[in-house]
Amino acid sequence: MTHLSVVGCGNMGGALLQGLAESGDHTLVGCDIDADARASVADYCETTDDLAVAAEADYVVLAVKPDSVGDLLPALDLDAEQTLISIAAGVSIDYLADLTDAQIVRLMPNLNAETRNMAAAVTGAVDDTVRALLNEVGEYAEIQESEMDIATALNGSGPAFVFYLIGAMADAGVDSGLEAEQAETLAAQTFKGAAETVLQSEQSIDELIDAVCSEGGTTIEGMELLWDSDVEEDVGAAVHAAEDRSREMAAEFADE
Ligand SMILES: NC(=O)C1=CN([C@@H]2O[C@H](COP(=O)(O)OP(=O)(O)OC[C@H]3O[C@@H](n4cnc5c(N)ncnc54)[C@H](OP(=O)(O)O)[C@@H]3O)[C@@H](O)[C@H]2O)C=CC1
Ligand SMILES: O=C(O)[C@@H]1CCC=N1
């Protein structure tokens, strides 16, 4: 039985607790200074505002804003038998190692943990318990720490980019007369199904696009507009803007 605590039960810490609560052989504690944040995860775990209680866990997920890590981590006072799992964007293992004796795992999760569809990137002292926890809430890739900035952009920030695209597709449906709720369901389910198809199919993305485009049909009209546009470059630029910011944040912490 793994004893896991999550310090910071906001958007991401809360999503992890929600996803983990639905399965697995572990006890969960959520620690937050904010009463509303504690209330939001009370269905999924024991809650506390006492850092000392969170610090009793074998695995401690640090899910506070990057700026809070420097004050909070020394206060947790973890030992070498414990594992710290930091999800803070831009905060390096070297920076964390100066502040704790614990084994250090650096994880870039995403908000889809709450539905157990998380895509995560992980590096550092990853052991089988960490792997099992990540398997419970989705898919993960073990990467080099040097790849953390692009992972932060791709799978950490990525849900926001996808939400935006779902919104744009749904808005087009509303423009043409669908009810907002129907349009959102159709757009979101289309993304969900297309993602599952990409994951399960042995065909390439281009082959899958081709499979939807009937000759002289509807899809090719939209695809030709997309191929002639800057959308592909713009989506790539959005990912790289987030990657650049992650690198910039890492440099700010390295200077501290
Ligand atoms: N949001 C996301 O999708 C993702 C976020 N991350 C990373 O996760 C981390 C958290 O982000 P996010 O969940 O969005 O942030 P939130 O602000 O939503 O959550 C952070 C929570 O931590 C609480 N907190 C602050 N100080 C303490 C403390 N000393 N003890 C206990 N709790 C405390 C905050 O309370 P209060 O509000 O009162 O300060 C807040 O409830 C960040 O480092 C971010 O880089 C990583 C991947 C995805
Ligand atoms: O926007 C952020 O900084 C965090 C990290 C990745 C997703 N949210």
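Every heavy atom of this structure was used, including side-chain atoms; hydrogens, water molecules and symmetry mates were not. For the single chain, residues carry numbers from 1 onward in sequence order. All ligand and atom numbering here is 1-based and tracks the order in the structure.
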What is the closest protein heavy atom to [atom], and at what distance does it sit?
{"atom": "atom 38 (O) of ligand 1", "answer": "Asp34 CB, 3.7 Å"}
{"atom": "atom 28 (C) of ligand 1", "answer": "Leu72 CD1, 3.2 Å"}
{"atom": "atom 5 (C) of ligand 1", "answer": "Met12 CB, 3.7 Å"}
{"atom": "atom 18 (O) of ligand 1", "answer": "Asn11 N, 2.9 Å"}
{"atom": "atom 14 (O) of ligand 1", "answer": "Lys65 NZ, 3.5 Å"}
{"atom": "atom 19 (O) of ligand 1", "answer": "Gly10 CA, 3.2 Å"}
{"atom": "atom 42 (C) of ligand 1", "answer": "Val64 O, 3.2 Å"}

[X] atom [atom1]: more than 12 heavy-atom contacts under 6.0 Å:
{"X": "Glu207", "atom1": "CD", "answer": "yes"}
{"X": "Phe191", "atom1": "CZ", "answer": "yes"}
{"X": "Ile205", "atom1": "CD1", "answer": "no"}
{"X": "Glu243", "atom1": "CD", "answer": "yes"}
{"X": "Gln182", "atom1": "CD", "answer": "yes"}

Worksheet item: With a cut-off of 4.0 Å, which atoms of ligand 1 are near a heavy atom of Ala37?
Response: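 Per the distance check, 41 (O).
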Discussion item. So if I count the atoms of ligand 1 from 1 in the order they appear, which ones are less than 4.0 Å from some heavy atom of Met108?
Written reply: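 Listed by number with element: 46 (C), 47 (C).
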Discussion item. As a test of the contact definition, would atom 8 (O) of ligand 1 count as having a protein heavy-atom neighbour under 4.0 Å?
Written reply: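 When distances to the protein are checked, atom 8 (O) of ligand 1 has a heavy atom within 4.0 Å.
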Item to complete: Report yes or no: does Thr83 contribute a side-chain atom to a donor-acceptor pair with the main-chain N or O of Gln103 at less than 3.5 Å?
Response: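 No: the side chain of Thr83 does not pair with the backbone of Gln103.
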Fill in: Under 3.5 Å: donor-acceptor pair, side chain of Gln18, backbone of Ala113
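No, Gln18 side chain to Ala113 backbone: no donor-acceptor pair under 3.5 Å.
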Discussion item. Less than 4.5 Å apart, side chain to side chain, heavy atoms only: is that true for Ile166 and Thr190?
Written reply: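 Result no, sub-4.5 Å side-chain heavy-atom pair not found.
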Spacing of [X] atom [atom1] and [Y] atom [atom2] [to the nearest 0.5 Å]:
{"X": "Thr2", "Y": "Asp128", "atom1": "OG1", "atom2": "CG", "value": "11.0 Å"}
{"X": "Leu84", "Y": "Arg106", "atom1": "CG", "atom2": "CZ", "value": "11.5 Å"}
{"X": "Ser146", "Y": "Arg247", "atom1": "OG", "atom2": "CZ", "value": "9.5 Å"}

Could you list the donor-acceptor pairs under 3.5 angstrom formed by side chains in residues 209-235, with sequence neighbours left out?
unit_1 : atom_1 : unit_2 : atom_2 : d
Thr219 : OG1    : Val212 : O      : 3.2
Ser229 : OG     : Leu226 : O      : 2.8
Ser229 : OG     : Val231 : N      : 3.1

Fill in: Taking every non-hydrogen atom, the tightest pair across Ser246 and Asp149
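Heavy-atom minimum between the residues: OG-OD1, 2.6 Å.
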Discussion item. How close do Met169 and Ala187 get, counting heavy atoms only, and between which atoms?
Written reply: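 Met169 and Ala187 have their closest heavy atoms at CB-CB, 4.0 Å.
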Winner among [options] once heavy atoms are compared against [atom]:
{"atom": "atom 46 (C) of ligand 1", "options": "Asp50, Ile87, Asp49, Val7", "result": "Ile87"}
{"atom": "atom 23 (C) of ligand 1", "options": "Thr48, Asp32, Leu62, Val6", "result": "Asp32"}
{"atom": "atom 27 (C) of ligand 1", "options": "Leu111, Asp67, Ile33, Leu16", "result": "Ile33"}
{"atom": "atom 20 (C) of ligand 1", "options": "Gly13, Ala63, Cys9", "result": "Ala63"}

Worksheet item: So which bit of Ser157 gets within less than 4.0 Å of ligand 1, heavy atoms only: side chain, backbone, both or neither?
Response: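 No part of Ser157 comes within reach of ligand 1.
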Item to complete: Using distance alone, determine whether Ala89 and ligand 1 share an N or O pair under 3.5 Å.
Response: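 Among all N and O atoms of Ala89, at least one is under 3.5 Å from an N or O of ligand 1.
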Discussion item. Strictly under 4.0 angstrom, heavy-atom based: which residues surround ligand 2?
Written reply: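 For ligand 2, the contacting residues are Ala89, Gly156, Ser157.
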